[in-house]
2 protein chains.
Amino acid sequence: MGNMKDTIRSIAIELFFRKGYFATSISEIAKGSGIQKASIYYHYKSKEELLFSILKATMDDLTHDLKENLAGIEDIESKIRAAVHGHVRFHLERQKENFIANSELRGLTAEHYRVIVEKRDEYEEIFQGLIRQGREQGVFADVDVKILSYAILTLCTAGASWFNPGGRLTVDEIADIYENFIVSGLKQGDAPGMARARHADQVLAR
Amino acid sequence: MGNMKDTIRSIAIELFFRKGYFATSISEIAKGSGIQKASIYYHYKSKEELLFSILKATMDDLTHDLKENLAGIEDIESKIRAAVHGHVRFHLERQKENFIANSELRGLTAEHYRVIVEKRDEYEEIFQGLIRQGREQGVFADVDVKILSYAILTLCTAGASWFNPGGRLTVDEIADIYENFIVSGLKQGDAPGMARARHADQVLAR
DNA sequence: CCGATTTTACCGACCGGTCGTTAGGCTTAT
DNA sequence: ATAAGCCTAACGACCGGTCGGTAAAATCGG
């Protein structure tokens, strides 16, 4: 913790995670950092800029990691598995930043919001491309790419809100569970079996 | 909109959804309701109580719906399908309230927070019971009940954050997609195929 | 190497504004 | 007359942000 700018940053991450962006005051961040609140403004020009710098770095690292994880992998199922595994890993290992990134976008100015959403879209498109490819190659069933990519990303991301480091399962074990769950979901066909038809009747009869 | 208490409530839901609880002021809610902000306090004794009443009603309705949806269904796969379908439906149809229920728990006092979390836990346990039953009956694979129940619930819930009423797909179409995705995920075995093993090697080699 | 100057990193005091909430009074329908 | 339903006015607390200033460190000219 040599430099104060990083200290402020990590205290802010901790507080934004625990109490939320709007419920966290500059003076709390200052108190946690061991300085006066005016001194925060030497390092960051506003509270919103502090939030933005956290979100921006998180999104950049996320996309960078994904590209790195995919490099050198050939077949599409392995690619999807690598992408999912890495996504889960990243979100569990950097739990707090990711939680903030998924819940505090409303704290951003219009321009900063646009920047973050662009980065998120870029990331999502890589994912959607993988699913589309898998579908075209016949590895995955004829699934709805958009809906399922949202589903998969949210699914993995959600880990960040309940994951307990040092709990029953390790990061890689959880990532494995998700990986299998998702791949088998992608491989399924759309043929509704008996059970499903029976259920539909029951629901419609209400 | 005969009565003012309900008007205030629905305006609050709209604003909490669009701007967040902390970023919404009492005077905005008052302005939207066409009264002065002091008049809000004739109907609700505090801003937090207004939030709590929204969340409480939402959770109560959710659990009530689930029990109703499960009544009379016998086999476990149909039960899970009904539960998932109903969960998605509820979250898409009452999108705003559910979004608030999933993002603004931090605005509650300690006691109110406890009440809502208890209701959520009760709901989750019904879901986990269904998965456990399906596993014991051999209908589902030997999956991790806790992790997958969290996964399933978050997955369906997430719809509330991106769903666009009047968009490409109807509520029931989306619910069907999720239903199939989840059931096939639950039925999968844990045997890693070739692709998965190959991928694991690549990741571990880094 | 030394003195002068600039830059870095911080502080205490304060500002304008907004917030949730309360007190008390005025209508209107019963 | 009574109470419901709403109003105006004001409160104290706190917020993000700015100001002028300061001590120490770094930089630079001779």
Side-chain angles (χ1 to χ4, degrees), chain A residues 1-56 100 103-113 115-116, chain B residues 1-56 100 103-113 115-116:
Chain A
M1 302 107 222
N3 96 8
M4 179 57 66
K5 188 161 183 172
D6 288 348
T7 301
I8 293 170
R9 186 199 176 77
S10 71
I11 295 288
I13 289 174
E14 178 67 29
L15 291 176
F16 290 168
F17 174 69
R18 280 199 344 237
K19 317 183 44 178
Y21 173 71
F22 287 107
T24 300
S25 67
I26 291 284
S27 48
E28 283 175 300
I29 297 172
K31 189 168 288 181
S33 308
I35 54 172
Q36 293 298 314
K37 82 170 177 175
S39 306
I40 299 279
Y41 290 86
Y42 175 76
H43 301 281
Y44 296 93
K45 73 177 174 207
S46 72
K47 187 187 179 187
E48 190 268 346
E49 206 224 34
L50 175 52
L51 174 65
F52 176 65
S53 84
I54 293 170
L55 300 192
K56 183 173 175 300
I100 298 168
S103 58
E104 304 292 5
L105 289 187
R106 280 189 296 217
L108 296 172
T109 62
E111 314 95 80
H112 283 166
Y113 178 83
V115 171
I116 298 294
Chain B
M1 302 120 221
N3 98 7
M4 180 56 67
K5 188 161 181 171
D6 288 349
T7 302
I8 293 170
R9 186 199 175 75
S10 71
I11 295 290
I13 289 174
E14 178 66 30
L15 291 176
F16 290 168
F17 173 70
R18 280 201 342 240
K19 315 183 48 179
Y21 174 71
F22 286 107
T24 300
S25 66
I26 291 285
S27 48
E28 284 175 301
I29 297 171
K31 188 168 290 182
S33 307
I35 53 172
Q36 293 298 315
K37 74 173 177 174
S39 306
I40 299 278
Y41 290 85
Y42 176 76
H43 301 282
Y44 296 94
K45 72 177 178 208
S46 71
K47 186 187 181 188
E48 190 268 347
E49 206 223 37
L50 176 52
L51 175 65
F52 177 64
S53 84
I54 293 170
L55 299 192
K56 182 173 176 301
I100 298 168
S103 57
E104 303 291 6
L105 290 187
R106 280 188 297 217
L108 296 173
T109 61
E111 314 94 81
H112 284 166
Y113 178 83
V115 172
I116 298 294

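Lettering of chains follows the sequences in order, A, B, ..., and the numbering in each one begins at 1. Below, each value reflects all heavy atoms present in this structure, side chains not excepted, and no hydrogens, waters or symmetry copies. All of these numbers come straight from a predicted model, not from anything done at the bench.
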Quiz item: Taking atom P of C:dC11 as reference, at what distance in whole Å does atom NZ of A:Lys31 sit?
Solution: 13 Å

Practice problem: Looking at every strand, decide which applies to B:Gln36 at a 4.0 Å heavy-atom threshold: base, sugar-phosphate, or nothing. | Solution: base

Quiz item: Between C:dT27 atom P and B:Met4 atom CE, what is the distance in whole Å?
Solution: 19 Å

Quiz prompt | Watson-Crick and G-U pairing of DNA chain C written in dot-bracket, each distance under 3.5 angstrom, with | for inter-strand partners | solution = ||||||||||||||||||||||||||||||

Let me check something: any side-chain donor-acceptor pairs from residues 18-28 of chain A under 3.5 Å, sequence neighbours excluded? List them with distances.
residue : atom : partner : partner atom : Å
A:Arg18 : NH1  : A:Glu14 : OE2          : 3.3
A:Lys19 : NZ   : A:Glu28 : OE1          : 3.4
A:Lys19 : NZ   : A:Glu28 : OE2          : 2.4
A:Tyr21 : OH   : A:Glu48 : N            : 3.2
A:Thr24 : OG1  : A:Leu15 : O            : 3.4
A:Thr24 : OG1  : A:Gly20 : O            : 2.7
A:Ser25 : OG   : A:Ser27 : OG           : 3.2
A:Ser25 : OG   : A:Glu28 : N            : 3.3
A:Ser25 : OG   : A:Glu28 : OE1          : 3.3
A:Glu28 : OE1  : A:Ser25 : N            : 2.8

Practice problem: Write down the distance between CZ (A:Phe22) and P (C:dC19), rounded to a whole number of angstrom. | Solution: 12 Å

Quiz prompt | 5′-ward residue of the pair B:Lys37/B:Gly34 relative to DNA chain D | solution = B:Gly34

Exercise. Mind checking A:Ser39 for me? I need base, sugar-phosphate or nothing, with any heavy atom below 4.0 Å counting as a touch.
Key: base

Quiz item: Taking only residues two or more places apart in sequence or in another chain, which ones pass salt bridge (Lys or Arg N to Asp or Glu O under 4.0 Å) with B:Lys37?
Solution: none

Self-check item: Min side-chain heavy-atom separation B:Tyr44-B:Lys5 under 4.5 Å
Solution: yes

Quiz item: Which atom pair, heavy atoms only, marks the closest approach of B:Leu50 to B:Ile29?
Solution: CD2-CD1, 4.1 Å

Quiz item: Partners of A:Phe52 by ring-ring contact (aromatic ring centres under 6.0 Å, His included), sequence neighbours excluded?
Solution: A:His112

Self-check item: Stretch residues 40-56 of chain A: residues that reach within less than 4.0 Å of DNA chain C through a heavy atom
Solution: A:Tyr42, A:His43

Quiz item: First contact, last contact: which nucleotides of DNA chain D are these for chain A, 5' to 3', heavy-atom distance under 4.0 Å?
Solution: D:dC15 to D:dC19

Quiz item: So what does A:Ser33 touch, heavy atoms closer than 4.0 Å: a base, only the sugar-phosphate, or nothing?
Solution: nothing

